[in-house]
Asks: 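One structure, pasted below without further comment.
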There are 2 protein chains.
Amino acid sequence: MTSSGPRWLSRSEQSAWRAYLRGSRMLEDALDRDLQEHGLQLTEYEIISMLSEAPRHRLRMSELAELVVQSRSRLTHTATRLEKRGWVVREPCENDRRGVELVLTPEGRGRVVDVSAAHVESVRRHLVDLLSPEQFQAVGVAMAQVRDAKEDVDPYEDDDHAGMATWA
Amino acid sequence: MTSSGPRWLSRSEQSAWRAYLRGSRMLEDALDRDLQEHGLQLTEYEIISMLSEAPRHRLRMSELAELVVQSRSRLTHTATRLEKRGWVVREPCENDRRGVELVLTPEGRGRVVDVSAAHVESVRRHLVDLLSPEQFQAVGVAMAQVRDAKEDVDPYEDDDHAGMATWA
DNA sequence: CGAACAAGATTGAACATTAAACCATTCGCC
DNA sequence: GGCGAATGGTTTAATGTTCAATCTTGTTCG
């Protein structure tokens with residue numbers, strides 16, 4: 001299987017990868033720091049921001065978890081926190097009684113409105129304005145490819161196929 | 001001061017930003033998941049990897065914290081964990097008795113060697129191979145600009161200047 | 001039908017991270 | 001030389017996140 005050794009990164013690949021790693025960390029850091037002045041983390045902002053754009057300001061937990069790339073468990077905990085602050089409420093799902101919808105409250109909606117102005121400036125300052133429009137678009141295209149690569153995972157992704165199937 | 005409203009993102013800027021956000025999260029996720037099969041997180045790998053490249057396999061805590069974009073406190077905790085696993089040890093700093101150097105042990109060195117092969121394949125699979133060489137380099141250049149933008153922060157970055165200076 | 005399995009979400013405990021306070025050393029400077 | 005501020009690191013507690021187990025509802029299929 002692995003007859004040839006690992007394909008190490010070339011010097012220029014290495015430096016690109018290092019730049020990505022450090023740059024993305026610094027960016028996340030900066031955005032988070034700016035948001036904290038408004039009393040929330042970027043991951044929390046993402047949640048209420050997604051809700052604010054959704055029809056009827058609501059999304060199912062699992063769908064939302066997928067959107068913001070968080071585990072279900074993590075979202076459950078975070079939602080509880082946000083609920084305590086009065087920004088969201090949980091509602092049972094109509095069709096599927098297993099489901100729960102997270103709904104943005106008017107107060108939460110206000111929060112998004114208040115914070116988004118500052119946040120967009122933050123994104124500009126720490127990212128968009130540092131790049132030429134062409135560069136920024138190129139980054140967008142590249143990261144969209146990264147994002148979309150995972151859409152269709154191979155059907156046997158999880159190796160919990162430890163035995164006793166029909167053929168056993 | 002804010003005479004004009006926030007400069008909202010255009011539609012295409014918006015979609016580039018969303019692609020970046022989601023793509024970068026998914027990438028980090030994938031890399032982390034792959035590394036976890038080897039019993040460590042990406043942030044931990046970064047630390048021992050930096051140490052393995054440093055002269056004499058050692059770096060000062062603060063320097064290392066800066067390199068991997070972690071708070072000093074976080075690095076302190078993580079270093080303690082890594083020390084318990086036997087991958088690093090702390091040594092007092094020669095010249096500066098406040099300082100502490102984190103040193104990679106032979107065992108830790110072995111760990112880096114073992115894991116790096118798998119890690120580089122992971123980086124390729126989830127990022128490098130998904131882009132054309134030109135795209136990847138462009139991302140590298142862009143993120144280097146993001147990284148370098150913060151090098152020289154304005155001297156009054158912290159607003160802990162609450163009063164009673166000389167002029168008060 | 002009904003038994004097994006899948007999906008949606010939550011729980012609680014273990015673990016990791018953050019934030020603020022703290023201690024020791026060094027630097028700046030009069 | 002010595003006082004005050006800055007730097008380097010750690011500590012503790014509070015806060016967040018992960019991991020595995022659990023509970024409930026839905027789906028599949030013999």
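Naming convention: chains lettered A, B, ... in sequence-line order (proteins, then strands); numbering from 1 in each chain. Scope of the values below: all heavy atoms of this structure, side chains included, with no hydrogens, waters or symmetry mates. Because the structure is predicted, anything quoted here is derived from the model rather than measured.
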Asks: Measuring only between side-chain heavy atoms, which start at C-beta, is A:Thr43 closer than 4.5 Å to A:Val68?
Replies: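 Of all side-chain heavy-atom pairs linking A:Val68 with A:Thr43, none is under 4.5 Å.
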Asks: If you compare every side-chain N and O of A:Arg60 against the phosphate oxygens of C:dA9 (OP1, OP2), does one of them come in below 4.0 Å?
Replies: yes
Asks: When we call it a touch if two heavy atoms are under 4.0 Å apart, what does A:Gln70 touch: a base, just sugar-phosphate, or nothing?
Replies: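 Contact class for A:Gln70: none.
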Asks: Base, sugar-phosphate, or nothing: which does A:Arg33 touch, judged by heavy atoms less than 4.0 Å apart?
Replies: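 Since no nucleic acid heavy atom lies under 4.0 Å of A:Arg33, the category is nothing.
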Asks: Out of curiosity, does B:Trp17 fall in the hydrophobic cluster containing A:Leu67 (side-chain heavy atoms, cut-off under 4.5 Å, transitive links)?
Replies: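 Same cluster: A:Leu67 reaches B:Trp17 through Ile, Leu, Val, Met, Phe, Trp or Tyr contacts under 4.5 Å.
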Asks: Should A:Phe136 and B:Ser12 count as side-chain neighbours, where that means a heavy-atom distance under 4.5 Å?
Replies: no
Asks: Output the rounded distance in Å from CD (B:Glu44) to P (C:dC15).
Replies: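 Checked: the CD to P distance equals 13 Å.
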Asks: Given atom CZ of B:Arg72 and atom P of D:dT11, what is their separation to the nearest angstrom?
Replies: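 Result: 16 Å.
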Asks: Please state how far atom CD in B:Glu91 lies from atom C1' in D:dG9, giving the value in whole angstrom units.
Replies: 16 Å
Asks: Evaluate whether atom CZ of B:Arg97 has more than 12 neighbouring non-hydrogen atoms of other residues, nucleotides or ligands under 6.0 angstrom away.
Replies: no
Asks: For B:Thr76, answer base if it contacts any base atom (sugar-phosphate contacts may also be present), sugar-phosphate if it contacts only those atoms, and nothing otherwise; contact means non-hydrogen atoms under 4.0 Å.
Replies: base
Asks: Judged by atom type as modelled, is there a donor-acceptor pair below 3.5 Å linking the side chain of B:Arg22 to the main-chain atoms of A:Asp148?
Replies: no
Asks: Suppose we call a contact any N or O donor and acceptor under 3.5 Å apart; does that hold for the side chain of A:His77 and the base of C:dT10?
Replies: no
Asks: Base, sugar-phosphate alone, or nothing: which one does B:Thr78 contact when heavy atoms must sit under 4.0 Å apart?
Replies: sugar-phosphate
Asks: Is there a donor and acceptor pair closer than 3.5 Å between the side chain of B:Ser73 and the base of D:dT11?
Replies: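 A donor-acceptor contact between them is present.
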Asks: Think A:Arg97 has a side-chain N or O under 4.0 angstrom from the OP1 or OP2 of D:dG26?
Replies: yes
Asks: Looking only at side-chain N and O atoms, does B:Gln41 come under 4.0 Å of OP1 or OP2 in C:dC15?
Replies: no
Asks: Considering every strand and a 4.0 Å limit on heavy-atom distances, what is the contact class for B:Asn95: base, sugar-phosphate, or nothing?
Replies: sugar-phosphate
Asks: Between A:Asp96 and A:Gln36, which residue's closest nucleotide on DNA chain C lies nearer the 5′ terminus?
Replies: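 Its nucleotide being nearer the 5' end, the pick is A:Asp96.
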Asks: Starting from C1' on D:dG9, measure out to CE on B:Met61 and report it in whole angstrom.
Replies: 7 Å
Asks: Please state how far atom CG in B:Leu59 lies from atom C1' in D:dG9, giving the value in whole angstrom units.
Replies: 16 Å
Asks: In whole Å, I'd like the distance from the CG atom of A:Leu102 to the C1' atom of C:dA9.
Replies: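 Result: 12 Å.
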Asks: Please report the distance, rounded to the nearest Å, between CG in A:Leu75 and P in D:dG16.
Replies: 14 Å
Asks: Check the phosphate of D:dG16 against A:Arg81, side-chain N and O only, distance under 4.0 Å to OP1 or OP2. Yes or no?
Replies: yes
Asks: Please report, rounded to the nearest Å, how far the P atom of C:dT18 is from the CG atom of A:Leu35.
Replies: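 From A:Leu35 CG to C:dT18 P: 15 Å.
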Asks: Between D:dT7 and B:Arg98, counting only base atoms on the nucleotide and side-chain atoms on the residue, is there a donor-acceptor pair under 3.5 Å?
Replies: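 Per atom types, the contact qualifies.
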Asks: Side chains of B:Thr78 and B:Arg81: any donor to acceptor distance under 3.5 Å?
Replies: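 Indeed, the side chains of B:Arg81 and B:Thr78 share at least one donor-acceptor pair under 3.5 Å.
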